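First the structure, in the form of structure tokens, and then the observations on it.
Computed from a predicted model, the values in this text were never measured in an experiment. Residue numbers start at 1 and run along the sequence shown.
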Amino acid sequence: MATNAKHEKKGGNRSAEKKTSGKKKNGGRKKASRKPQKTTGFFWLKILFLIGLIVAAVTALYVGYCFLTLPDIEQAVSRTRQPSTSIIAENGQEIRTFGNVYSEVVYPSELPPYVIDAVIATEDRRFYSHFGFDMIAFTRAMAANLIKGRYAQGGSTITQQVAKNLFLTPQKNIKRKVQELLMAFWLERKFSKDQILTLYLNRVYMGSGTYGIEAASQKYFHKSSRDLNMLEGAVIAGLLKAPARYNPSADKKRAVERAAVVLQNMVNAAIITPEQKTKALKMPTGASLHNKLAGGKYFADWVYAEVNAYIGERENDINVYTTLDKKIQKAAESALRQAIFANAQSKNVTNGAVVVLDKSGAVKAMVGGINYEKSQFNRATQALRQPGSAFKPFVYLTALEEGWETDDKIDDYPITIGRWKPENHSKKYYGTVTLKEAFVRSLNLATVNLAQKLSFAEIIRTARKMGISTPIEETPAMVLGSSAVKVLDMAVAYTAVANGGYAAWPYSITEIYTREGYPLYTRLYEEDDQQRILDDDTVEAMTEMMEAVILEGTGKRAQTPFFAAGKTGTSQDYRDAWFVGFTDRYVGAVWVGNDDNSPMNGVGGGTLPAEIWKKVMTAAESDK
């Protein structure tokens, strides 16, 4: 039994050992399964840490790259800009300014406090407390943009805007934003808040080609920024968000609506009271220089295109003094618009052009269309239109130069040249008539018969030497105005008759000065340099016939209380209607028609063009 007990004990021990061994093995297996989990988790932590290090390193390297590629600060401050060119009328009034307009530096301390308050309340409320970057404004802007799914709000500080405007390009990308931020930090360290605000107020774009608060104030309100009232200051602050949209020249109503938002921002910031806001919205705004200078835009464009031919490329801001007479210009624009608007429906006439010169060729008025905002195409200098009978003076001048007299006879009978069978406007023919009668009654058949006895080449030569610059096709129909011409050229050509037979060339610029007053160009007039192209007898005879056109011929509607002479012109199917003529001092050319060359309803040269011409010349001679 003892042996069995011992055996059992040993067996029991072995059984226990097996159990213990089994427990150890099981325990070992459990530990083995947990150990790999810890290793895996640690592995991923290391991976994430490594990725973080790489991202940080790449970010640091990219920021370093952005820092190293920042533009040269000195060079950026003196960055060249498009020089401004101001076109000045004869009376010294500005017509239009091209290029970027900067004015004198204005310091914040010189401005009314509410102007600065309006800018800061709208553009950067924490300007005086942040370090160049406003985390609150940035977060708010990002949240608004994410909610709306588009760029609806900006979070840039004034300092960042200075960095962008003064040193960087407006291109939107990550590099520019990083550089903007770095530059903003540099500016905050380098300059005081007032100095940064001064840079901002004097360099920020404010619409209509103006940079800085003083240039904008002069442009929109015709006054110094030092004299802005609260509403005007709010308008200036409001347009900073979108200068092209909110400036008073673009839309005064929209500008004031935006100013109301600015004033409410000031109320929200406890800068002004609601009562002060209400009072401010009732304040007047200064007369917009844009409105004062309305008119002459076609002329200004034409002059601006010619400036480089006078003084070459330039870096300085310049003033270009011109021959434009504001009184005549206003009369020309008014007369043309009124006539077109009153007859647009009934007569199917939609556009026109007017040019007025003095006898030396100086351009006193130029209207290139009835609506510059809709079309900048200058119909006075760029359009080519058939002159109709307004071309006939070149035929009769050629005849007079060759010895014909105004009372010489010419046949007004039907004529056929190849397949061409011209007719008189009345569909009648008048037998044998004098040259004067043929001209005054604008008889086509008599004119064609006269041209057959002349040289077509000489007729073209006459037109050329008098100022027609466009191609003239040497065909029989040429003598009835089949070749298209410019309105300006027709005015110039008639000037040669008006001034006694001397060649005249159109000019508009009298002087050019830098803004500092340094002369760059002065027009010199030498009477000895005049070139005679028509003799006295020819001029006298042609003037007599042109005067008769107005007194008793096709141009009766152009009659004035003073001396006037001219010629009507109507192209086929009433597509073009002209009146060109002169007084003692001025020459005027008027054209009306449609840009698509569609026919008008019975509008001939003796109707609307003659009436417009009379109004313009009456205004021009009103001081006589």
Step-by-step side-chain hydrogen bond (donor to acceptor under 3.5 Å, both in side chains) determination, Arg515 to Asn316: CA-CA 8 Å; Arg515 287 285 172 83; Asn316 294 19; over 6 Å; no

**Asked** Within a strict 4.5 Å, meaning less than it, do heavy atoms of the Tyr298 and Val354 side chains meet?
**Response** no

In short, Glu405 meets Asp408 closest at the heavy-atom pair N-OD2, 2.7 Å

- Query: Checking salt bridge (Lys or Arg N to Asp or Glu O under 4.0 Å) for the pair Glu232/Lys223: CA distance, chi angles, key distance, verdict?
  - Reply: CA-CA 10 Å; Glu232 292 165 340; Lys223 63 167 66 172; 3.0 Å; yes

Between the CG atom in Leu357 and the CE atom in Met366, the distance rounded to the nearest 0.5 Å is 8.0 Å

_Is the ring pair Tyr304/Phe98 parallel, tilted or perpendicular, if the boundaries are 30 and 60 degrees?_
parallel

**Request:** Spell out, as yes or no, whether a donor-acceptor pair under 3.5 Å connects the side chain of Gln531 to the backbone of Ala503.
**Result:** no

Does Glu611 reach the main-chain N or O of Ala558 with its side chain, forming a donor-acceptor pair under 3.5 Å?
-> no

Rounded to the nearest 0.5 Å, the CZ atom of Phe341 sits from the CG atom of Leu336 at a distance of 8.5 Å

* Student check: side-chain heavy atoms of Phe456 and Thr475 closer than 4.5 Å -> no

Salt-bridge test for Asp325 and Lys327: reply yes if a basic N is under 4.0 Å from a carboxylate O, no otherwise.
no

Q) Do other residues, nucleotides or ligands put more than 12 heavy atoms under 6.0 Å from the CD atom of Gln572? A) no

Checking side-chain polar atoms at under 3.5 Å, does Thr97 have a donor or acceptor matched by the opposite partner on Ser84? no

### Message
Using only atom types and a distance under 3.5 Å, with no angle test, would you say the side chain of Ser483 pairs donor to acceptor with the backbone of Glu473?
### Response
yes

Exercise for review: Decide if the gap between the ring center of Tyr494 and the ring center of Phe582 is smaller than 6.0 angstrom.
Suggested key: no

Scanning both residues in full, the closest heavy-atom pair of Arg385 with Asp576 reads NE-OD1, 2.6 Å

Practice item. Could you walk me through whether Lys219 and Asn247 pass side-chain hydrogen bond (donor to acceptor under 3.5 Å, both in side chains), step by step? Key: CA-CA 10 Å; Lys219 179 78 173 182; Asn247 76 67; over 6 Å; no

Compare all side-chain heavy atoms of Lys252 with those of Thr285 and state whether any distance is below 4.5 angstrom.
yes

task: Kindly say whether Ala498 contributes a backbone atom to a donor-acceptor pair with the side chain of Thr495 at under 3.5 angstrom?
output: no

With sequence neighbours left out, the residues meeting ring pair (Phe, Tyr, Trp, His ring centres under 6.0 Å) with Tyr310 are Tyr521

Check the surroundings of atom NZ in Lys465: do more than 12 heavy atoms from other residues, nucleotides or ligands lie under 6.0 Å from it? yes

Q.
What verdict does the side-chain hydrogen bond (donor to acceptor under 3.5 Å, both in side chains) test give for Thr607 and Lys347, after you've listed the backbone C-alpha separation in whole Å, the side-chain angles of each residue and the deciding distance to 0.1 Å?
A. CA-CA 11 Å; Thr607 59; Lys347 300 295 185 181; over 6 Å; no

Open item on the list: Is it true that, when you exclude Glu401 itself, more than 12 heavy atoms of the residues, nucleotides or ligands shown sit nearer than 6.0 Å to its CD?
Closed with: yes

Check whether the side chains of Lys567 and Ser442 place a donor and an acceptor atom closer than 3.5 Å, and report yes or no. yes

When you compare the side chains of Tyr507 and Ser360, does any donor N or O come within less than 3.5 Å of an acceptor on the partner? yes

Exercise. Less than 4.0 Å between a side-chain N and a carboxylate O, is that true for Glu544 and Lys436?
Worked result: yes

Item to check | N/O donor-acceptor pair under 3.5 Å between Ser571 side chain and Pro387 backbone | outcome: no

Any heavy-atom pair between the side chains of Met466 and Leu534 that's under 4.5 Å? yes

Quiz prompt | Asp573 and Arg575: CA distance, side-chain angles, deciding distance, salt bridge (Lys or Arg N to Asp or Glu O under 4.0 Å) verdict | solution = CA-CA 5 Å; Asp573 297 326; Arg575 297 179 189 277; 3.7 Å; yes

Quick test of your reading of the model: are Asp595 and Arg379 salt-bridged, counting only N-O distances below 4.0 Å?
yes

Keeping Arg337 on the side-chain end and Ile370 on the backbone end, is there a donor-acceptor pair under 3.5 Å?
yes

Is a donor on one side and an acceptor on the other found under 3.5 Å between the side chain of Asn424 and the backbone of Leu445? yes

For Val539 and Val497 the tightest heavy-atom approach is CG1-O, 3.4 Å

query = When you check the gap from the basic side-chain N to the acidic O, do Glu621 and Arg585 get nearer than 4.0 Å?
reply = yes

- prompt: Relative to each other, are the rings of Phe299 and Trp302 parallel, tilted or perpendicular (30° and 60° limits)?
  reply: tilted

Just say parallel, tilted or perpendicular for the rings of Tyr513 and Tyr321, cut-offs at 30° and 60°.
-> perpendicular

- Task: Evaluate the side-chain hydrogen bond (donor to acceptor under 3.5 Å, both in side chains) criterion for residues Gln338 and Ser334: first the C-alpha distance (whole Å), next the side-chain angles of each, then the deciding distance (0.1 Å), finally the verdict.
- Result: CA-CA 6 Å; Gln338 287 177 11; Ser334 176; 3.0 Å; yes

Nearest heavy-atom approach of Met617 to Val356 is CE-CG1, 4.4 Å

>> Hydrogens and angles aside, do Thr554 and Thr568 bring a side-chain donor and acceptor to less than 3.5 Å of each other?
In response: yes

Closest non-hydrogen atoms of Pro248 and Leu239, given as atom of the first, atom of the second and distance, are CD-CD2, 4.3 Å

| request: I would like to know whether Asp584 and Lys359 meet salt bridge (Lys or Arg N to Asp or Glu O under 4.0 Å); could you show each step before the answer? | output: CA-CA 9 Å; Asp584 282 332; Lys359 290 187 176 183; 5.0 Å; no

- Item | Heavy-atom donor-acceptor pair, Thr406 side chain to Leu435 backbone, under 3.5 Å | no

*So does Gln376 have more than 12 non-hydrogen atoms from other groups sitting under 6.0 Å from CD?*
yes

Rounded to the nearest 0.5 angstrom, the OG1-CD1 distance for Thr434 and Ile410 is 10.5 Å

- Query: Between the main-chain N or O of Asn348 and the side-chain N or O of Asn594, is there a donor-acceptor pair closer than 3.5 Å?
  - Reply: yes

* Asked: Donor-acceptor pair, Asn229 side chain versus Pro284 backbone, under 3.5 Å?
  -> yes

query: Do you see a donor-acceptor pair shorter than 3.5 Å between the side chains of Thr560 and Thr618?
result: no

- Query: Any ion pair linking Asp412 and Arg441 (charged N to carboxylate O, less than 4.0 Å)?
  - Reply: no

Value for OH (Tyr502) from CG (Asn499), rounded to nearest 0.5 Å, stands at 8.5 Å

Output for pair (Asp535 CG, Glu540 CD), nearest 0.5 Å, gives 10.5 Å

Measure the shortest side-chain to side-chain distance between Ile88 and Thr322 over non-hydrogen atoms and say whether it is less than 4.5 angstrom.
no

* Do the side chains of Asp301 and Asn378 get nearer than 4.5 Å, heavy atoms only? -> no

* Taking the side chain as every heavy atom from C-beta outward, state whether Ile468 and Thr470 have any atom pair closer than 4.5 Å. => yes

Heavy-atom nearest pair, Gly604 first then Pro609, reads O-CD, 3.3 Å

Q. Given Ile459 and Val479, is the side chain to side chain contact (heavy atoms under 4.5 Å, CB included) satisfied, shown in steps?
A. CA-CA 8 Å; Ile459 294 172; Val479 302; 4.0 Å; yes

